[in-house]
Each structure stands twice: as C-alpha cells, then as structure tokens.
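These notes concern the structure reproduced below.
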Amino acid sequence: MTLSLDQSLFRADAISDETKAINSAVMQATAHLPGWWEIGAPKMREMRIRGEGPFPPIERSKLARTREITAPDGHQIPLRIIAAENPRGVFLHFHGGGWVLGTADQQDRVLERLALEAGLAWVSVDYRLAPEDPYPAGPDDCETAALWLIKNAKAEFGTDRLALGGESAGGHLAAVTLLRMRDRHGYADFRGANLVFGAFDLSMTPSQRRFGNDRLILRTIDIEKFADAFLPAPIDRRDPDVSPLYADLNGLPPALFTIGTRDALLDDTLFMHGRWLAAGNRAELAVYPGGIHGFIAFPSTLARAAVARMIEFLGRVMV
C-alpha cells in the first residue's frame with residue numbers, strides 16, 4: 001500500500017479567509033507581548049489565567065471536579081476530572097504550555113465537549129512545571145497519574161478502557177508516558193493516543209529551527225527557551241525519554257496526529273506519524289491548512305473540524 005500526503009493542503013490558497021483573519025488577530029495580540037523568560041514564568045501564568053495575550057480567559061466547566069493523588073515522594077498531583085454519565089472509557093490528558101505554562105483547567109470547555117460527545121471521563125493532570133521543577137519532574141507526575149488510572153479506573157469510573165493524549169508539550173508527555181508504561185511497567189493496553197501538535201524532538205526538527213519570529217503562538221525562540229527551562233542540565237536531547245521521536249515505537253496503540261500547516265512543530269507531527277506507521281502501528285494524520293500552534297483554542301471552522309475528528313477517532317478506538 002502506498003501512503004501519500006495531499007500536497008494541496010500546504011498551498012497558500014488552501015487557507016480560508018477565516019483562518020487568515022484569526023492568524024492576523026493572533027499576531028496583533030502578541031506583537032508587544034513579552035517572552036515569559038523576560039518577566040518570569042509565574043507572572044506569565046497569571047497573565048494567561050486573566051486572558052492577557054492571544055488566548056481567552058480560562059472558562060471553567062461546571063461539570064469539572066479536582067482530586068489529588070499522592071506521588072511516590074509524597075507530593076500531591078491534582079487531577080482535573082470531567083466525566084460523561086456512565087462513561088465508556090477514560091481519557092488521560094496532559095495540557096500544553098511548553099512544560100512551563102498551562103494548567104489542567106485551561107481547556108475545560110474543549111475537554112467538556114470531548115468528554116460528553118465521546119462519552120468518556122476526561123482526567124487532566126496538573127503536572128509540575130519548569131523552571132521550578134525541570135525534567136524529569138513533569139514526566140514523572142504523568143507516569144504516576146497513568147499508574148493510578150490503570151489501577152483505579154474501574155472503581156472510579158466503571159470502566160478500564162483507557163486512552164491518552166495532549167496538546168503541544170502535552171502531546172510530548174503523552175508519548176513519553178506511553179513509552180514508560182510499556183517499558184517500565186509492561187502495560188500496553190491503551191486503546192488510542194490523541195496527539196495534537198506535539199513536540200516530539202527536543203533537539204529541534206527543521207520546521208522548529210526554520211520557523212523564525214512570526215508571532216503565531218510558538219516561534220523558534222519560544223521553543224528554545226521552553227526546552228532550556230525543561231532541560232537545564234546537560235542531557236542528550238535525543239534520549240527517547242526526552243525526544244520520543246527517537247524511541248522504539250513498536251507495540252503502541254492507534255494514534256491520531258493533528259497539526260496545522262503554519263505550526264512550528266509541523267515536522268514533529270509529520271515525522272512521528274511516519275515512524276508510528278513504520279513501527280507497525282495504526283496512525284492517522286489530520287493536517288489543517290493555515291492552522292497555527294494551538295489553533296483548536298480559537299473558535300473557528302478549522303477548530304470545530306479538528307475537534308470533531310478527535311471525537312470520531314476516540315469513538316472508534318474506545319469500543
């Protein structure tokens with residue numbers, strides 16, 4: 001079987017007027033926004049909560065609840081839970097934010113729709129953030145959350161059908177967690193992985209290096225600063241636990257890879273999708289013309305199409 005990528009998706013004339021307008025508005029909203037490293041991560045986190053910048057203020061779901069689990073060293077890991085009635089499966093979610101920013105409740109409304117329409121319980125992890133808690137703190141918390149869910153999903157939610165995923169840094173953490181579960185704990189029963197504009201190579205893919213300074217959420221300098229905060233100590237950035245693109249990918253679940261053509265992480269998704277398939281796994285690729293990093297956060301035709309595709313994918317893999 002020959003697999004091909006539709007070249008027309010990458011042409012300028014494939015980008016809708018609506019998408020162009022959203023991208024222009026994002027560039028205007030971020031034109032004078034300081035880098036988080038210039039003002040400090042805590043201040044930037046507060047600004048994001050208030051909606052200062054390109055993203056709207058956090059709108060929390062009335063259906064959500066938070067519970068805490070205990071890590072091996074005794075610290076508490078908050079889990080944000082949004083559940084459909086009598087869920088048919090549980091989705092373990094990791095939020096984005098470059099391992100530095102973001103919270104488990106930052107996408108409540110999107111996660112609420114995914115949970116209710118897919119008939120799932122959604123469990124989002126408030127993992128520790130850099131630079132205060134660099135690698136491996138965040139991945140360790142995600143591993144702890146996965147182990148807790150594997151052990152407790154049936155009692156908590158009435159089902160042990162599990163999937164996982166996340167956006168941006170959350171996509172990276174989802175892939176790392178899959179590999180840790182397989183290699184450290186012998187668990188390979190996740191039904192699917194929903195990997196949305198993930199960062200899979202922290203040594204930097206060509207699209208990361210070449211993106212430049214267009215202020216479309218994630219620039220080359222942003223990627224560099226996030227990675228340096230996450231990995232402050234000398235470490236091989238192609239270690240599979242750091243960059244899952246370089247891992248043995250055999251025996252992983254079906255995955256849906258979502259990416260926009262104006263995303264600095266474009267190559268990460270294209271390369272990871274190819275390696276996923278080459279390892280003998282099922283994989284689907286959804287490419288959205290003109291979509292920028294984080295595009296599903298902006299109300300648009302493009303975002304609605306991407307979320308609908310995710311719901312359809314999860315409906316198939318969670319049977």
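Residues: numbered from 1 along the sequence shown.
In this structure, the separation between CZ on Arg262 and CG on Leu218 is 12.0 Å, given to the nearest 0.5 Å. Atom CG of Asn152 and atom CD1 of Ile69 lie 8.5 Å apart (nearest 0.5 Å). Between the OG1 atom of Thr144 and the CD1 atom of Ile77 there is a distance of 4.5 Å, given to the nearest 0.5 Å. For the atom pair OG1 of Thr205 and CG of Leu245, the computed distance is 8.5 Å after rounding to the nearest 0.5 Å. Considering CG of Leu111 and NE2 of His95, their distance stands at 11.0 Å, rounded to 0.5 Å. Taken from CG in Leu179 to CG in Asp241, the straight-line distance is 8.0 Å, to the nearest 0.5 Å.
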Run Arg215 and Asp222 through salt bridge (Lys or Arg N to Asp or Glu O under 4.0 Å) and show every step you take.
CA-CA 10 Å; Arg215 302 209 65 159; Asp222 298 310; 5.7 Å; no
Go through Thr258 and Phe295 one step at a time and tell me if the side-chain contact (heavy atoms from CB on, under 4.5 Å) criterion holds.
CA-CA 10 Å; Thr258 297; Phe295 75 90; 4.1 Å; yes
List the steps and the verdict of side-chain contact (heavy atoms from CB on, under 4.5 Å) for Leu120 and Leu114.
CA-CA 8 Å; Leu120 304 175; Leu114 285 162; over 6 Å; no
Step by step, work out the side-chain contact (heavy atoms from CB on, under 4.5 Å) result for Phe10 and Leu266.
CA-CA 11 Å; Phe10 298 87; Leu266 175 63; 4.0 Å; yes
Decide salt bridge (Lys or Arg N to Asp or Glu O under 4.0 Å) for Arg237 and Asp228; before the verdict, give the C-alpha distance in whole Å, the side-chain angles of both, and the deciding distance to 0.1 Å.
CA-CA 11 Å; Arg237 294 199 177 186; Asp228 288 346; 2.9 Å; yes
Take Arg80 and Arg60, measure what side-chain contact (heavy atoms from CB on, under 4.5 Å) needs, and give me the verdict at the end.
CA-CA 11 Å; Arg80 185 78 168 169; Arg60 294 177 175 86; 3.7 Å; yes
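Between Val100 and Trp37 there is no side-chain heavy-atom pair separated by less than 4.5 Å. Side chains of Thr159 and Lys154 form no contact here, defined as non-hydrogen atoms less than 4.5 Å apart. In this structure, Arg182 and Asp248 have side chains that are in contact, with non-hydrogen atoms separated by less than 4.5 Å. Between Leu195 and Met272 the shortest side-chain heavy-atom distance does not fall below 4.5 Å. Side-chain contact check for Met310 versus Ile296: some heavy-atom pair is nearer than 4.5 Å. Thr66 is not listed as a side-chain neighbour of Asp126, based on a closest heavy-atom distance of 4.5 Å or more. Residues His185 and Ile150 have side chains not in contact (no heavy-atom distance under 4.5 Å, counting atoms from C-beta outward). At a threshold of 4.5 Å between non-hydrogen side-chain atoms, the residues Asp108 and Glu59 do not count as touching.
Applying the side chain to side chain donor-acceptor pair (under 3.5 Å) test to Arg304 and every residue at least two apart in sequence or in another chain returns Thr301. Take Phe91 and apply the ring-ring contact (aromatic ring centres under 6.0 Å, His included) test, not counting sequence neighbours, and it matches Trp122. Remark: Thr30 pairs with no residue by the side chain to side chain donor-acceptor pair (under 3.5 Å) rule, at least two apart or across chains.
Within the 3.5 Å criterion, the main-chain N or O of Gly290 finds a donor-acceptor partner in the side chain of Thr261. At distances below 3.5 Å, at least one donor-acceptor pair connects side-chain atoms of Asp263 with backbone N or O atoms of Leu265. Listed for the Ser8 side chain is no donor-acceptor partner under 3.5 Å among the backbone atoms of Asp6. Judged purely by atom type and a 3.5 angstrom limit, Asn194 has no side-chain atom pairing as donor or acceptor with the backbone of Gly165. Of the possible donor and acceptor atoms, none in the side chain of Arg238 sits under 3.5 Å from a partner among the backbone N and O of Ser243. One N or O on the side chain of Asn281 and one on the backbone of Leu249 form a donor-acceptor pair closer than 3.5 Å. Asp268 places a side-chain N or O within donor-acceptor distance of the main-chain N or O of Asp201, the cut-off being under 3.5 Å.
In this structure, Trp276 and Arg282 approach most closely via the heavy-atom pair CD1-O, 3.4 Å. Closest approach of Arg191 to Pro254, counting heavy atoms only: O-CD, 3.4 Å. Annotation for Glu132 and Pro42: closest pair OE2-CG, 3.9 Å, computed over non-hydrogen atoms. When all heavy atoms of His293 and Ile217 are compared, the pair lying nearest together is O-CG1, 3.2 Å. Nearest approach of Trp36 to Ala229, heavy atoms of both residues: CH2-CB, 3.6 Å. The shortest non-hydrogen separation linking Ala121 to Phe157 is CB-CD2, 3.6 Å.
Linking ILVMFWY residues whenever their side-chain heavy atoms come closer than 4.5 Å, directly or via other members, places Leu302 and Val307 in the same cluster. Leu63 and Leu92 fall within a single hydrophobic cluster, where Ile, Leu, Val, Met, Phe, Trp and Tyr are joined by side-chain heavy atoms under 4.5 Å apart, directly or via other members. Tyr288 and Ile15 fall into different hydrophobic clusters, where Ile, Leu, Val, Met, Phe, Trp and Tyr side chains are chained together by heavy-atom contacts under 4.5 Å. A continuous path of hydrophobic side-chain contacts links Ile221 to Phe226 [ILVMFWY only; heavy atoms under 4.5 Å]. Under the 4.5 Å side-chain heavy-atom criterion for grouping Ile, Leu, Val, Met, Phe, Trp and Tyr, Met181 is not connected to Val176 through any hydrophobic cluster.
Residues Phe197 and Phe257 keep their aromatic ring centres 6.0 Å or farther apart.
The closest side-chain donor-acceptor pair between Thr220 and Gln208, if any, does not fall under 3.5 angstrom. Using modelled atom types, one finds no donor on one side chain facing an acceptor on the other under 3.5 Å when comparing Tyr127 with Asp133.
Evaluated for a side-chain contact (heavy atoms from CB on, under 4.5 Å) with Glu46, the options Arg50, Arg48, Met44 yield exactly one hit, Arg50.
Relative ring orientation between His172 and Trp99 is described as perpendicular, the plane-to-plane angle rising above 60° on a 0-90° scale split at 30° and 60°.
In Gln7, the CD atom is not crowded: 12 or fewer heavy atoms of neighbouring residues, nucleotides or ligands sit closer than 6.0 Å. No more than 12 heavy atoms of other residues, nucleotides or ligands lie within 6.0 Å of CD in Glu85, so this atom counts as exposed by the packing criterion.
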